[in-house]
Amino acid sequence: AKYGGSGGSGGASPPALSSLSTSARRAQPLWPAAALALVQEVLNRRLFSQVRERKGLTYDANFQLTAHERLAGGWWLVTVTSSPANSELALDACVESLVQIAPDPSRPFGAAFPLTRENLQAAQRVLVQRHTSELRSNQYWSEILSATQLESVPGKQPGNGAAYLREWGETVRAVTLEDLDLMFKALKLEDEKQFYTCIAVSGAPVDPAAAAAALAADNHGHTMPSISRR
């Protein structure tokens, strides 16, 4: 079933996405991409609020999904920058944030720290506004039109119901909290034993006493950090 936009010449307009059944809505070619984009947005917001604003352990925490158009699979990666002294705490806070948002039927609200409708709506607004804004960029047009003429990527073929430029916004707005819970289950966020974690420290190890002495003897202040570094 197609949705949104205008119908063919003299034909009736297809039904709006919001009027379709759950199974029909999830069968739309754009639904997986929209749901995963929202997962990335809401998890970035959650990590920022928990690890940076609430616990003050980092200046930057980032959740990134890597998916493919021709492979039924991908991976996700969380990167966080912290001081060596806080690295273990920052790692634990990231893992905790992901596990707490994952669906847990034993919890009264379905998760230890579940998403709210307001969380979802805020993420939807960001994605729709970003898409609308980036349509002014030639680079964005090149990215979203890539592979539209390849038979090996049928999901982006013209006429298949996935009219990206016209229906992306409607698809994003139609994603529900239940859809995101389904994605969280697919990403296995509820089981931290399946996470692979690593802590890397840049530079040579520094003796704490020597570092304190050097800091006390520093009369030159500090230079402005580079904008390109996080």
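- Annotation for Glu41 and Ala123: closest pair CG-CB, 3.6 Å, computed over non-hydrogen atoms.
- Looking at every heavy atom in both residues, Pro103 comes nearest to Ala111 through CA-CB, 4.4 Å.
- Contact of the Leu47 side chain with the Asn62 side chain is not registered, since no non-hydrogen atoms from C-beta on lie closer than 4.5 Å.
- The distance from atom CG of Leu127 to atom CD of Gln124, rounded to the nearest 0.5 Å, is 8.0 Å.
- By the side-chain contact (heavy atoms from CB on, under 4.5 Å) test, Ser106 is found to be paired with Asp104, residues two or more places apart in sequence or in another chain being considered.
- Val95 and Val51 fall within a single hydrophobic cluster, where Ile, Leu, Val, Met, Phe, Trp and Tyr side chains are chained together by heavy-atom contacts under 4.5 Å.
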With a cut-off of 3.5 Å and sequence neighbours excluded, list every side-chain donor-acceptor pair involving residues 180-197.
residue, atom, partner, partner atom, Å
Asp191, OD1, Lys193, N, 3.1
Asp191, OD2, Gln194, NE2, 3.2

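- Asn86 meets the side-chain hydrogen bond (donor to acceptor under 3.5 Å, both in side chains) test with Ser83; sequence neighbours excluded.
- Scanning all heavy atoms of the two residues, the minimum distance from Tyr140 to His131 falls at OH-ND1, 2.7 Å.
- In this structure, Leu30 and Glu170 have side chains that are not in contact, with every pair of non-hydrogen atoms separated by 4.5 Å or more.
- No side-chain donor-acceptor contact under 3.5 Å links Arg107 to the backbone of Pro114.
- A donor-acceptor pair under 3.5 Å is formed between the side chain of Gln40 and the backbone N or O of Leu65.
- Put simply, the side chain of Val126 reaches to within 4.5 Å of the side chain of Arg45, judged on heavy atoms.
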Working for side chain to side chain contact (heavy atoms under 4.5 Å, CB included), residues Leu43 and Val78: CA-CA 10 Å; Leu43 289 181; Val78 175; over 6 Å; no
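- For the pair Thr66 (side chain) and Gly74 (backbone), a donor-acceptor distance under 3.5 Å is absent.
- For Glu53, the CD atom sits in a packed shell: over 12 heavy atoms of surrounding residues, nucleotides or ligands are nearer than 6.0 Å.
- Counting heavy atoms from C-beta on, the side chains of Gln64 and Thr79 never come closer than 4.5 Å.
- A donor-acceptor pair is defined here as one N or O able to donate and one able to accept, closer than 3.5 Å; such a pair exists between the side chain of Ser146 and the backbone of Glu143.
- A distance of 10.5 Å separates OG in Ser97 from CG in Asp92, rounded to the nearest 0.5 Å.
- The same ILVMFWY cluster, assembled from side-chain heavy atoms under 4.5 Å apart, contains both Val42 and Leu177.
- The backbone N or O of Glu167 sits less than 3.5 Å from a side-chain atom of Thr171, completing a donor-acceptor pair.
- The distance from atom CG of Asn44 to atom OG of Ser49, rounded to the nearest 0.5 Å, is 10.5 Å.
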Check against side chain to side chain contact (heavy atoms under 4.5 Å, CB included), Asp179 and Arg25: CA-CA 10 Å; Asp179 292 337; Arg25 179 170 50 80; 2.4 Å; yes
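- A donor-acceptor pair is defined here as one N or O able to donate and one able to accept, closer than 3.5 Å; no such pair exists between the side chain of Thr81 and the backbone of Asp60.
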Full working for side chain to side chain contact (heavy atoms under 4.5 Å, CB included) between Val172 and Trp168: CA-CA 6 Å; Val172 168; Trp168 175 250; 3.6 Å; yes
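- Note: Trp76 and Phe63 have parallel aromatic rings, judged against thresholds of 30 and 60 degrees for the angle between ring planes.
- The local environment of CZ in Arg54 is sparse, with at most 12 non-hydrogen atoms from other residues, nucleotides or ligands closer than 6.0 Å.
- The structure places CG of Leu115 at 10.0 Å from CG of Leu38, a figure rounded to the nearest 0.5 Å.
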Stepwise side chain to side chain contact (heavy atoms under 4.5 Å, CB included) check, Leu91 with Val80: CA-CA 8 Å; Leu91 174 60; Val80 58; 5.9 Å; no
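- Between Arg173 atom CZ and Leu120 atom CG the span is 12.5 Å, to the nearest 0.5 Å.
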